[in-house]
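Taking it in order: structure first as structure tokens, then the write-up.
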There are 2 protein chains.
Amino acid sequence: MRSAALAFALHLLEFSTAFLFAIVLSAPHAAAQTQLPVNLMPQPASVKSGSGALRIDANFTVVFTGHTEPRLERAGERFLTQLHRQTALLLAKSANNLSQATLLVHTDHASKEIQELGEDESYTLEVTATGAKLNAANPLGVLRGLQTFLQLVEVTPDAFAAPAVVIQDQPRFPWRGLMIDVSRHFIPLDILRRNIDGMEAVKMNVFHWHLSENQGFRVESKKFPKLQEFGSDGLYYTQQEIRDFIIYARDRGIRVVPEFDMPGHSTAWFVGYPELASGTGPYSIERKWGIFDPAMDPTNENTYKFLDELVAEMAKLFPDNCFHIGGDEVNGKEWDANAKIQEFKKSHNLKTNEDLQAYFSQRVQKIVTKHGKAVVGWDEVFIPGVPKDIVIQSWRGQQSLAAAAQQGYHGILSNGYYLDLGWSAARHYAVDPMSGAASTVSDDQKKLILGGESCMWSEYVDAENIDSRIWPRNAAIAERLWSAQAVTDPVSMYSRLDVESARLEWLGLTHRTYERKMLQRIAGPASPEEFAALRNLAEVVEPVKDYTREQTAPVEPTSQLPLNRLVDAVRLESDAGRHFSELVDKFLASSCHDAVTATQLRTQLALWSQNNAAFATLTQKSALAKEAILTSRDLSALGIAGLRALDAIAAGKPLATDQQSQLNSVLSEAAKQKRN
Amino acid sequence: MRSAALAFALHLLEFSTAFLFAIVLSAPHAAAQTQLPVNLMPQPASVKSGSGALRIDANFTVVFTGHTEPRLERAGERFLTQLHRQTALLLAKSANNLSQATLLVHTDHASKEIQELGEDESYTLEVTATGAKLNAANPLGVLRGLQTFLQLVEVTPDAFAAPAVVIQDQPRFPWRGLMIDVSRHFIPLDILRRNIDGMEAVKMNVFHWHLSENQGFRVESKKFPKLQEFGSDGLYYTQQEIRDFIIYARDRGIRVVPEFDMPGHSTAWFVGYPELASGTGPYSIERKWGIFDPAMDPTNENTYKFLDELVAEMAKLFPDNCFHIGGDEVNGKEWDANAKIQEFKKSHNLKTNEDLQAYFSQRVQKIVTKHGKAVVGWDEVFIPGVPKDIVIQSWRGQQSLAAAAQQGYHGILSNGYYLDLGWSAARHYAVDPMSGAASTVSDDQKKLILGGESCMWSEYVDAENIDSRIWPRNAAIAERLWSAQAVTDPVSMYSRLDVESARLEWLGLTHRTYERKMLQRIAGPASPEEFAALRNLAEVVEPVKDYTREQTAPVEPTSQLPLNRLVDAVRLESDAGRHFSELVDKFLASSCHDAVTATQLRTQLALWSQNNAAFATLTQKSALAKEAILTSRDLSALGIAGLRALDAIAAGKPLATDQQSQLNSVLSEAAKQKRN
């Protein structure tokens, strides 16, 4: 095993600081709590509570009227399956008899055969004590409304029930996407499918499939089979699998937008087809992370001939109207080193590599358009004069969206929604596509801002932990994109997110169950006490945020290194840490520092203060635990410091200066990223 | 929701009693701990430790020599997959080059095409610091040895490694089975497959598939399609699915023995074919549990004609040499009520219904034999004069095995291995097929006792919780049947079982992860504190043992009632309760009641003493939690009582008589099964 860096940002810092404040002042910290009577996520546009509740028992039936189609039948079966999972009730297959329906669903007409941007997703849902009615213009609205109904069902003092309510709902944005990078780490289809289920649950409607990268080309091409044969380590999706997956997503009201990233991020293409590249090759699949030199040769007509044939094949395989061509992060080094390319730039009056990329981009956009698709690309494809039907996906921010909109271009926001950066749900939740520069554009221009996409880049995720890197935080982003702009209270969001996170488990997502297996691997032959110490520690630490993990790693990370460290096992956002912070807030807000909360805090702090004793013996048994020894010491030091702070509060006098500075040093030590 | 009984046997009783003893005497309770240097389960016949360890890293390779076959190739791939799961190491596909092998596997020759009773499963495994060698006569031994190797791999202070060791191993018994009843509750194939994986991990070799019952006929018959069409609610396995499943099991060295239970336990057959029955019908699928009246008509030649054709079809579908015909629990009421049958008894000089069943049994045995199979049946099929090749599966006990062996018949033990009874692993572990009456037979007769089978009857299990009802306890039974008779120490067993239980999760078994989803359903809109209270309670209660659940239920249980109660969610054996008992033992055994252990006990007891406060508020929100209110009160009362006992010990004087009697009443109250 390599001697690896341990790099944790301790969530603990936040509450410890709060403790110190408590010594000198006692300001209320708790945000005003606005809570819906029901735990819906995303929050609907309008919810009016009625009186009573609809009892849900084994006699429950759902009946579909109006427009029918096989997709709606399957939706009905899936709805009953999910209702069974939530309640364990043994529900009969539903009747056709309208008068027997507990839930009566009416669909006016069909939606588009190939789901399109901006289709009506609205629905109304009325629940009374005697029955429920769901009405929608088309099957998309029905799908959304069925999920809302499922979220209404909860155990009550008597039975399972859905509260009486009238809901009118429609999305704020027409593009609510999740991107998954399946190239840096290959993600098997069963895992993608359960993530599609999760997207449906929170009403997202675009799955953006990042299919090619330096580290892998993940689609079977029959036209150019060396793409997958040489560029995927055998890890790719067959065309039949892709077709089935697209049907699976369409069943859930989700479009599938493929991305083939070019002209950079494309080393894996060149392993089988080095003639596409600007360098001399040979090329091999990239194993490291970062931005690399290889790029397609934009000066070679054969490049465009190849792309024309490939896009023709892929445009047929992926029916969606949108086709993502990537376009990000070309460093230009291969172009600079190629005399023929330099010659071309001169002869075509292309002054910079950006100009050259713009030339490439325009050529590729014409190819994509010729095959009947609208282009989507990262910020870099937004260049003067590109056709108006392109969609800019902004990793740079709202100012890019504003600039695009002002020139009549569509945009979606991903800056602020990068799930791999380890931000809290609240931080993602606070990012609005319409904020900042985007808020300054005209109302007509605002309509060009279509929504957003969360992005799951996969340097540090694999099949084992990817669910936990997407969920539950992605549900907060889904709410941002569906619900009204004014819905921003993080307290309400977290309260509903906790419930939704649990519900998502019934879909087969493993974002909560994955953890013990990974901790067990780290713990190896631990005693129960040692394992408990590992869990206690894991519960309150979080991986470093943003891109610091790469910067602090002692060994350059590659796709070949196993993701089996504590940093891979712990959740990106610590629920326990957050709940503890809330407890601290409650304690500080209470006028006389209420005794029950104080005891709860003291119990937790005492546990942490003692935790390192058992953890330290585990580090002598397990190399994977050993990495975390300094972090474990920090936790115990913080526990001790917290207890002292509580003592001072109880005694009613501030800490002496030297005690304060000792606390400060514990806090600043804990805030440092740890390396063994 | 129905108002349901809550019936829990509190594990707590055990340690509370221990506390009381502690007041008057301080006898050591801890059993002498004999522990292997490695966590193997089942324990091999011979283990000799070497020095050093074999490092396991990404360069690990396995190479097969000698006899080869596709099954071994697949075993190699599966082995690498599992090694990856345990370590997360990215292992390359293995080389063919012998000199590069980390693990060199040699197979002498093929095993039987259709796996047979008593085939050689022995292997030798030698691990040194530089490499490992696995040798076996045939692929079965290789499969067993590969599992042993996987169990040797653990995280160490430096890396993953397998300790240097020389193992020679073979099973004690040739029949080591697990029976799953898929009829009372249908169990989907993916769940059966992961249980087959679990069986392979602990070296079991017979999957006994209880396929028909009053509550369901689960096999597609092409000859008699009304069996599944009318008798299964649409929940059955197609013939192709069965063929694939048998290949899956064979790949793992596991035989598949089908059971078609007759002449009783067969109501589901009669829904489509009432003419087989002794009553007048019509029949419908049974929804209740128990022993019912319907039975086949043993006096009608058409019954035997039907069975002849069905057995012909099924004997072809299931290649195993053994064919289980059930034969248990006929109450004879339909026979008594049928004049024609009474007439038949008289004319054939069959005095009792047992005689009549013996007649039926002999006829069916001839049919089964004619189609090339050996008969297996429950105790009841053991009747004078049956052919010597039958195997008696005893639900009655070792005395049946002894009686059978004395007359030259084979037997396997299931009495003592009924997983649905909720016994502890230690209790199952203490049951030996060769004990009691079986120990008194001659050595030659002992050879007729082939082993045993654990039985998972499915009244109270469904797809959601079945793994938890089988595992980890089944691993202790597997050890009983594989390892030497002298391997009986429960302390060592539990220590290794904990490790194996965690390892089994990597196979996809959900025996530990299922619980939170079920608790979440019960908790509904609980606060974090309330959910924690539910978990604290769930952790230390166990469902009632044996058949008391049916006896105490206020509503007659049926297959239509959802299994969503706390009794369905909690584990059959509480690990936390056991660990607490161990802590109590440790405390009592320490000469001066050591302070660290006292603090651990006190912390746990304090938690329990306070737990009912949060739980009580949850019971006002959730009908499913409300059921457990009395049990929750018991837990808190026990916590308080335990703290008092600790106080008395700390003070060094016994409790006053009235205090003692108060403690006693808390204990006896907690021991009662609760009903709300």
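Order of the sequence lines fixes the chain letters, A, B, ..., with proteins taken first and strands second; residue numbering starts at 1 for each chain. Treat the numbers as computed from the prediction; the structure is a model and nothing was measured.
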Is it the side chain or the backbone of B:Ser559 that comes within 4.5 Å of chain A heavy atoms, both, or neither?
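Interface part for B:Ser559: backbone (N, CA, C, O).
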Between B:Leu607 and chain A, with a heavy-atom cut-off of 4.5 Å, which part of the residue counts as in contact: side chain, backbone, both or neither?
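Neither; nothing under 4.5 Å.
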Examine the side chains of [X] and [Y] and answer whether a donor and an acceptor come within less than 3.5 Å of each other.
| X | Y | value |
| --- | --- | --- |
| B:Glu530 | B:Thr617 | yes |
| A:Arg496 | A:Ser492 | yes |
| B:Ser468 | B:Asn465 | no |

B:Ala88 backbone acceptor or donor facing A:Asn564 side chain under 3.5 Å:
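Side chain of A:Asn564 to backbone of B:Ala88: no pair is present.
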Most chain B-contacting option - heavy-atom pairs closer than 4.5 Å, from A:Gln620, A:Gln86, A:Arg516
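Heavy-atom pairs under 4.5 Å are most numerous for A:Arg516.
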Among A:Arg521, A:Gln520, A:Glu154, which residue forms the greatest number of heavy-atom pairs with chain B at distances under 4.5 Å?
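Between A:Arg521, A:Gln520, A:Glu154, the count favours A:Arg521.
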Looking at chain A, which one of [options] has the largest number of heavy-atom pairs inside 4.5 Å, strictly under?
| options | value |
| --- | --- |
| B:His579, B:Gln610, B:Gln600, B:His84 | B:His579 |
| B:Leu563, B:Thr87, B:Asp498 | B:Thr87 |
| B:Glu464, B:Lys517, B:Arg503 | B:Lys517 |

Find out whether the Lys NZ or Arg CZ of A:Arg55 is both under 6.0 angstrom from the six-membered ring centre of A:Phe160 and within 45° of the ring's axis.
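Judged by the rule (NZ or CZ under 6.0 Å from the ring centre, within 45° of its axis), A:Arg55 is not positioned above A:Phe160.
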